[in-house]
Every structure is written in C-alpha cells, then in structure tokens.
Amino acid sequence: WIGGAAYMLQIYYDFSGYSDMAIGMGKMFGFDFMENFNFPYISKSIKEFWRRWHISLSIWFRDYVYIPLGGSRCSKLKTNRNLLIVFALTGIWHGASWNFVFWGLYYGIFLLLELTFFGNILKRIPVFLQRIYTLIVVYIGWIFFRAESITSAFRYIKGLFVFNEDNWNLARQYFNLELIFFMITGILFAMPIFSRIEKKCNKAVLDSIIIIMFIISILWLVGKGFSPFLYFRF
C-alpha cells in the first residue's frame with residue numbers, strides 16, 4: 001500500500017514537474033505552452049481525471065483519433081468502440097507491452113461504465129466518496145502501469161490484501177520520518193492548497209518560502225545522486 005501510494009505521488013510530481021520546466025523554458029524563448037496537469041488527484045470521476053492528467057496527450061488523441069473515428073456523434077456502440085480504441089492506443093503510446101495495453105483498456109472500461117449507467121449514480125453520492133472512488137481506480141491503474149507484466153501486477157494487487165508479519169516488518173523499514181514528511185507534503189501539494197495560500201500570504205514572504213524550498217530540494221537531490229525523470233522512458 002505504501003509503495004503504491006508513493007509511486008502514485010512520484011509519477012505525478014515527476015511528470016507534472018518537468019512539464020512545468022518545459023513551460024518555463026518555453027517562456028524564456030517566447031513560446032507559450034499549455035498547462036499539462038490540473039490537480040488530477042482531486043478528480044471526482046475517471047472522466048474528470050483524464051481532463052486533468054496529461055492534458056496535451058488527451059487533447060491530441062481527442063483531435064486526431066477520437067473525433068476522426070466519429071467521436072460521440074454516432075451510435076452508442078460505435079462511441080464505445082471509439083473510446084476503447086483511443087485508450088488502447090494511449091496504452092500502446094506508453095510502451096509496446098501488454099500491461100500498457102491492459103492499463104489503457106482498464107481506463108477505457110471505467111469511462112464506458114461512467115458514460116452508460118454508473119455516471120448518474122456517481123453524481124448522486126457525496127463528493128468525498130466520488131473522490132475516494134477515483135483515487136482507488138487510479139491507484140490500481142498505476143500498479144498495472146508500473147508492473148513488468150500483467151501477472152506481476154495481479155500478484156501485487158493480491159499482496160495488498162494479504163497481511164503477515166513479514167509485510168509489517170518490511171513496511172517499518174521504509175516508513176521512516178523522511179518518507180512520512182515527503183508523503184504528507186506530496187499529498188498536500190497535489191491539492192490546490194498553494195493557490196489559496198498565495199491569495200492570503202504576502203508576496204515577499206511567499207517568494208522567500210519558494211526560494212528556501214527550491215534550495216532545500218536542490219541540496220536533497222545532490223545528496224541523493226543521479227535521479228532521472230521516470231517519464232523519460234516514454
């Protein structure tokens with residue numbers, strides 16, 4: 001559970017972080033790039049999640065695959081087919097492996113469920129339950145994305161529900177104060193908390209905090225050695 005949650009945060013900050021770097025460097029050369037992430041982990045549905053996660057890829061597939069196939073302006077059967085094709089291709093885009101295809105279709109199926117009958121049920125339940133549902137689906141999805149194969153992914157998921165002393169001893173080794181600090185910080189900043197702080201906080205104080213955080217981050221990274229971006233492989 002800890003490993004899955006840590007990876008969930010890691011891949012978000014990794015990809016969102018270097019997307020922001022690209023936006024910043026683009027501005028230095030006079031280019032304006034669109035925002036690529038919009039707090040995806042606060043989504044209330046899988047449909048909303050994909051509107052907030054890797055926005056540029058979602059728009060590309062919408063404009064160059066989904067709409068040319070007919071989009072939603074055709075029969076329900078063909079609309080469902082179009083969605084599944086788009087998400088199968090989204091999986092293949094990430095890598096030529098069956099676990100990526102499965103990962104893409106996994107999201108396609110949940111989107112179909114929300115589109116057909118489950119979406120109306122979802123809208124009626126409390127917002128916090130909508131968010132919990134989305135986080136659970138995304139959490140399981142990242143296991144398929146990270147695993148070397150579909151078999152190992154299912155083995156990992158099975159391990160989530162098998163508790164024994166060895167698991168607890170292993171968890172205690174990794175769940176130290178440093179990990180707790182970074183996970184709490186990661187969870188907080190995965191929500192639009194900073195924009196609220198920005199409105200209430202003095203600009204000079206805020207800039208000072210950002211500079212201090214930046215320096216600490218650089219020192220921490222230097223101390224840890226080489227740490228390549230996860231998404232470079234994609």
Side-chain angles (χ1 to χ4, degrees), residues 1 4-16 19 34-67 69-74 76-95 97-147 150 153-154 156-157 160 186-187 190-192 230-231 234:
W1 284 99
Y7 184 73
M8 198 173 178
L9 291 171
Q10 183 189 18
I11 198 162
Y12 167 62
Y13 283 106
D14 178 273
F15 195 13
S16 175
S19 293
M34 65 183 296
E35 200 63 55
N36 208 23
F37 290 85
N38 182 23
F39 302 105
Y41 291 153
I42 67 165
S43 301
K44 299 185 288 295
S45 67
I46 297 304
K47 183 180 179 181
E48 184 184 350
F49 174 78
W50 278 101
R51 285 177 176 171
R52 292 173 175 270
W53 177 276
H54 203 345
I55 299 167
S56 58
L57 182 70
S58 298
I59 289 173
W60 191 92
F61 271 110
R62 182 197 68 192
D63 293 348
Y64 293 100
V65 181
Y66 184 68
I67 291 173
L69 284 170
S72 57
R73 295 183 176 183
C74 47
K76 285 185 178 181
L77 189 64
K78 287 185 177 179
T79 299
N80 295 347
R81 178 207 63 184
N82 296 343
L83 264 175
L84 289 175
I85 289 171
V86 165
F87 276 90
L89 290 174
T90 302
I92 294 167
W93 183 88
H94 285 86
S97 174
W98 283 114
N99 61 303
F100 289 124
V101 176
F102 188 94
W103 174 78
L105 289 172
Y106 168 85
Y107 275 111
I109 289 164
F110 272 99
L111 278 165
L112 284 181
L113 289 172
E114 289 182 6
L115 187 66
T116 50
F117 69 95
F118 185 58
N120 292 327
I121 298 169
L122 196 62
K123 288 174 185 176
R124 294 192 192 105
I125 65 174
V127 170
F128 81 95
L129 288 177
Q130 293 176 32
R131 289 190 169 131
I132 288 171
Y133 147 76
T134 306
L135 285 172
I136 290 170
V137 173
V138 172
Y139 179 96
I140 299 296
W142 285 132
I143 293 172
F144 288 107
F145 187 88
R146 174 65 181 82
I150 297 173
F154 278 111
Y156 193 100
I157 293 165
L160 295 174
I187 290 165
M191 299 183 283
L230 290 177
Y231 241 81
F234 307 114

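Heavy-atom basis, side chains included; hydrogens, waters and symmetry copies ignored.
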* **Evaluation steps, side chain to side chain contact (heavy atoms under 4.5 Å, CB included), between Tyr7 and Ile143** => CA-CA 9 Å; Tyr7 184 73; Ile143 293 172; over 6 Å; no
* Structure fact -> Those residues at least two apart in sequence (or on a different chain) that pass ring-ring contact (aromatic ring centres under 6.0 Å, His included) with Tyr156 are none
* To do: State the CG-CD1 distance between Asn80 and Ile85, to the nearest 0.5 angstrom.
  => 11.0 Å
* To do: Measure from the ring center of Phe87 to the ring center of Trp50 and say whether it is less than 6.0 Å.
  => yes
* To do: Give a yes or no on whether the backbone of Ser45 and the side-chain of Gln130 come within a donor-acceptor separation of less than 3.5 Å.
  => no
* Does any N or O in the side chain of Tyr12 come within less than 3.5 Å of the main-chain N or O of Tyr41, such that one atom is a donor and the other an acceptor? -> no
* **Asn82 side-chain N/O to Gly71 backbone N/O, donor-acceptor pair under 3.5 Å** => yes
* To do: Can you see which heavy atom on Asn38 is nearest to which on Arg52, and at what distance?
  => O-NH1, 2.6 Å
* Please examine the side chains of Tyr66 and Leu83, heavy atoms only from C-beta on, and report whether any two atoms are closer than 4.5 Å. => yes
* **Distance-minimising heavy-atom pair for Ser43 and Pro40** => OG-O, 2.6 Å
* To do: Mark yes when over 12 heavy atoms from residues, nucleotides or ligands other than Leu77 sit less than 6.0 Å from its CG; otherwise mark no.
  => no
* To do: Compare every heavy atom of Val138 with every heavy atom of Met8, then report the nearest pair and how far apart it is.
  => CE-CG1, 3.8 Å
* Asked: For the side chain of Ser97 and the backbone of Phe100, is there at least one donor-acceptor N/O pair under 3.5 Å apart?
  -> no
* Could you tell me the separation between the CG atom of Leu135 and the CD1 atom of Ile42, rounded to the nearest 0.5 Å? => 10.5 Å
* Asked: Any idea how Phe145 and Trp142 line up, ring-wise: parallel (<30°), tilted (30 to 60°), or perpendicular (>60°)?
  -> perpendicular
* Please round to the nearest 0.5 Å and tell me the distance separating atom CG of Leu57 and atom OG1 of Thr90. => 5.5 Å
* Asked: Which heavy atom of Arg81 sits nearest a heavy atom of Leu69, and at what distance?
  -> NH2-O, 3.5 Å
* Please report the closest heavy-atom contact between Ile125 and Leu122, naming both atoms and the distance. => CG1-O, 3.1 Å
* Closest heavy-atom pair and its distance - Glu114, Tyr133 -> OE2-OH, 2.6 Å
* Asked: In Å and rounded to the nearest 0.5 Å, what is the CG to CG distance from Leu115 to Asn120?
  -> 10.0 Å
Can you give each donor-acceptor pair under 3.5 Å made by side-chain atoms of residues 101-110, sequence neighbours left out, with the distance rounded to 0.1 Å?
residue : atom : partner : partner atom : Å
Trp103  : NE1  : Gly141  : O            : 3.4
Tyr106  : OH   : Val137  : O            : 2.6

* **Any donor-acceptor pair under 3.5 Å from Tyr13 side chain to Ala190 backbone** => yes
* With the side chain counted from C-beta on, respond yes when Thr116 and Lys76 share a heavy-atom pair under 4.5 Å apart, and no when they do not. => no
* To do: Give a yes or no answer on whether the side chain of Tyr139 reaches the backbone of Trp1 with a donor-acceptor pair at less than 3.5 Å.
  => yes
* Nearest 0.5 Å please: distance from the CZ atom of Arg62 over to the CD1 atom of Ile67. => 5.5 Å
* With sequence neighbours excluded, what pairs up with Asn36 under the side-chain contact (heavy atoms from CB on, under 4.5 Å) test? -> Phe15, Ser19, His54, Ile55, Ser56
* Asked: Taking atom OG1 of Thr134 and atom CG of Leu129, what is their separation to the nearest 0.5 Å?
  -> 10.5 Å
* Asked: After noting the C-alpha distance and the side-chain angles of Ile11 and Arg146, does the key distance pass the side chain to side chain contact (heavy atoms under 4.5 Å, CB included) rule?
  -> CA-CA 10 Å; Ile11 198 162; Arg146 174 65 181 82; over 6 Å; no
